[in-house]
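Encoded as structure tokens, the structure appears first; notes follow it.
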2 protein chains.
Amino acid sequence: MYYSRDNMAGLLRSHDINPTHQRIEIAHALFSRQEHLSADQVMAIVNTRHSETSKATVYNTLKLFLEKGLVREVIVDPSKVFFDPNTSPHHHLYEVDTGKLSDIDAEHVQISGLPPLPAGMVTEGIDLIVRVRRTG
Amino acid sequence: MYYSRDNMAGLLRSHDINPTHQRIEIAHALFSRQEHLSADQVMAIVNTRHSETSKATVYNTLKLFLEKGLVREVIVDPSKVFFDPNTSPHHHLYEVDTGKLSDIDAEHVQISGLPPLPAGMVTEGIDLIVRVRRTG
DNA sequence: CCGGGAGTTAGACAAAGTCCAGATTGCTGA
DNA sequence: TCAGCAATCTGGACTTTGTCTAACTCCCGG
């Protein structure tokens, strides 16, 4: 199957990341379920059976994945960062009352009329977040 | 002049906020300079001469201003929330290396092709953040 | 002058994230 | 096989942002 731990090792290697046991577990947590997880949630998933991976390693690894372009950071909640295993261009729908975060495919979304950037600046990314709430 | 402390009292009253000394100072900090400030920065500004306003009051007041629609929350930095005295529709330009946050006028920006919302949901707001970095 | 409610306060607390020095791991070359 | 070494991992102390609470102050009506 696509998301086996063995394939994780390959995925990591192809992104120039030395595939250690902990890194494979963290990658597996993120990629086997296609969800947006916070560092906390990754910790919880990885350490379900018995404590295996320290907090420091989870944070280090997520930062490493970020640098290597394996995941994306999504900043929607003031209290925690989410990590998104989907790096293809897309936007986000955030349910403010439940904290649920889902993807909006970028394919049909058009953003036009943005002013030119100040000189000497490059775009690092454009984040579009639709904040929604349940009626009532 | 427009941003005197006296006018702050009027502004607060017109938004159904009891204008206390501390609230006027905080409003003045936000509206006299048209900048995006974090709670920390507001604290620092308000307490420059001598300590006048407690942390709790700054947070309470900013939350109150938010509820009353006097300011807007901008979530771009994973470590802190910015408060935006400009409530007219606009987007943001965030310089990731310096932390500087500025406005992009919404007038000419068009966002089209967003999928329909899930049933029973209302949009609370659409945040568009352009993250930029200095070349080099 | 007094009582009460709104507002403020200091400081304890919570949660997310960082940092560091020491311990582990897994090579590599002999 | 084994010592040496660099990379990685670890627990725990620490920092920062923000929340909570119980006591205090201020002001207003009577």
Side-chain angles (χ1 to χ4, degrees), chain A residues 5 8-9 12-13 15-30 36-47 49-68 70-71 73-84 96 99 101, chain B residues 5 8-9 12-13 15-30 36-47 49-68 70-71 73-84 96 99 101:
Chain A
R5 283 169 175 76
M8 283 301 116
L12 295 184
R13 268 191 217 95
H15 282 257
D16 200 25
I17 297 170
N18 188 0
T20 67
H21 175 58
Q22 289 90 336
R23 289 172 180 173
I24 288 171
E25 284 307 310
I26 292 170
H28 190 255
L30 280 162
H36 307 78
L37 301 177
S38 65
D40 242 32
Q41 291 174 304
V42 171
M43 269 275 275
I45 291 168
V46 164
N47 291 333
R49 312 198 142 278
H50 35 82
S51 187
E52 296 174 21
T53 305
S54 72
K55 187 166 58 147
T57 297
V58 170
Y59 279 99
N60 288 344
T61 302
L62 289 172
K63 196 184 283 182
L64 179 69
F65 284 4
L66 195 62
E67 280 163 17
K68 299 293 187 180
L70 205 60
V71 299
E73 219 179 15
V74 187
I75 302 166
V76 282
D77 185 302
S79 72
K80 69 184 83 171
V81 173
F82 286 95
F83 293 87
D84 187 346
V96 292
L101 184 62
Chain B
R5 282 170 177 75
M8 282 303 115
L12 295 185
R13 267 193 218 92
H15 281 259
D16 200 24
I17 297 170
N18 188 2
T20 67
H21 175 59
Q22 289 88 337
R23 288 171 182 175
I24 289 172
E25 285 306 312
I26 292 170
H28 189 255
L30 280 162
H36 306 78
L37 301 177
S38 64
D40 240 32
Q41 291 174 304
V42 171
M43 269 275 275
I45 291 168
V46 165
N47 292 332
R49 312 198 141 277
H50 34 83
S51 188
E52 295 172 24
T53 304
S54 73
K55 187 167 57 149
T57 297
V58 170
Y59 278 100
N60 287 343
T61 301
L62 288 173
K63 196 184 283 182
L64 180 68
F65 286 3
L66 195 61
E67 279 164 16
K68 299 295 187 178
L70 207 61
V71 300
E73 220 178 14
V74 187
I75 302 166
V76 283
D77 184 302
S79 73
K80 68 183 83 170
V81 173
F82 286 95
F83 292 88
D84 186 346
V96 292
L101 184 62

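So you know, we letter chains A, B, ... as the sequences are listed, proteins then strands, and number each from 1.
Across A/Leu64, A/Thr20, A/Asn18, A/Ile17, a single residue satisfies side chain to side chain contact (heavy atoms under 4.5 Å, CB included) together with A/Leu12, and that is A/Ile17.
B/Gln41 has its CD atom 15 Å from the P atom of D/dT16, to the nearest Å. Rounded to whole Å, atom P of D/dG18 lies 10 Å from atom CD1 of B/Ile75. Distance, B/Arg23 CZ to C/dT9 P: 11 Å, rounded to whole Å. Rounded to a whole Å, the CG atom of B/Leu62 is 14 Å from the P atom of D/dT17. Separating the OH atom of A/Tyr59 from the C1' atom of D/dT16 is a distance of 13 Å, rounded to the nearest angstrom. Following rounding to the nearest Å, A/His21 (NE2) and C/dT24 (P) show an atom-to-atom distance of 16 Å. In this entry the distance linking CD of B/Glu52 with P of C/dT8 reads 13 Å, nearest Å. Taking atom CZ of residue B/Phe82 and atom C1' of nucleotide D/dG18, one finds them 15 Å apart after rounding to whole Å.
Judged by distance alone with a 3.5 Å cut-off, a donor-acceptor contact links the side chain of B/Lys55 to the base of D/dG18.
Comparing B/Pro78 and B/Ser51 against DNA chain C, the residue whose closest nucleotide sits nearer the 5' end is B/Ser51.
The side chain of A/Asn60 lies closest to D/dT10 when the candidates are C/dT9, D/dT19, D/dT10. Candidate nucleotides C/dT8, D/dT17, C/dG17 were compared by shortest atom distance to the side chain of A/Ala39, and C/dG17 ranks first. Distances from the side chain of A/Lys80 to the nucleotides C/dA16, C/dA6, D/dG18 place C/dA16 closest. Ranking D/dG11, C/dG17, D/dA7 by closeness to the A/Asn18 side chain, first place goes to D/dA7. Among the nucleotides C/dT8, C/dA10, C/dT18, the one closest to any side-chain atom of B/Ala56 is C/dA10.
To the nearest 0.5 Å, atom CE of residue B/Met8 and atom CD1 of residue B/Ile24 are 9.0 Å apart. Here the CZ-CG distance, from B/Phe82 to B/Leu62, works out to 12.5 Å after rounding to the nearest 0.5 Å. With rounding to the nearest 0.5 angstrom, the CG atom of B/Asn60 is 11.5 Å from the CZ atom of B/Phe65. Remark: B/His36 NE2 to B/Gln41 CD distance equals 11.0 Å, nearest 0.5 Å.
At the phosphate of C/dT9, OP1 or OP2 sits under 4.0 Å from a side-chain N or O atom of B/Ser54. Regarding contacts with the backbone of D/dT10, a side-chain N or O of A/Gln22 is found under 4.0 angstrom from either OP1 or OP2. Using a 4.0 Å cut-off, no side-chain N or O of B/Ser79 falls inside it from OP1 or OP2 of C/dG17. In this structure, B/Thr20 reaches the C/dT8 phosphate: one of its side-chain N or O atoms is under 4.0 Å from OP1 or OP2.
A/Ser38 comes within 4.0 angstrom of nothing in the nucleic acid, heavy atoms only.
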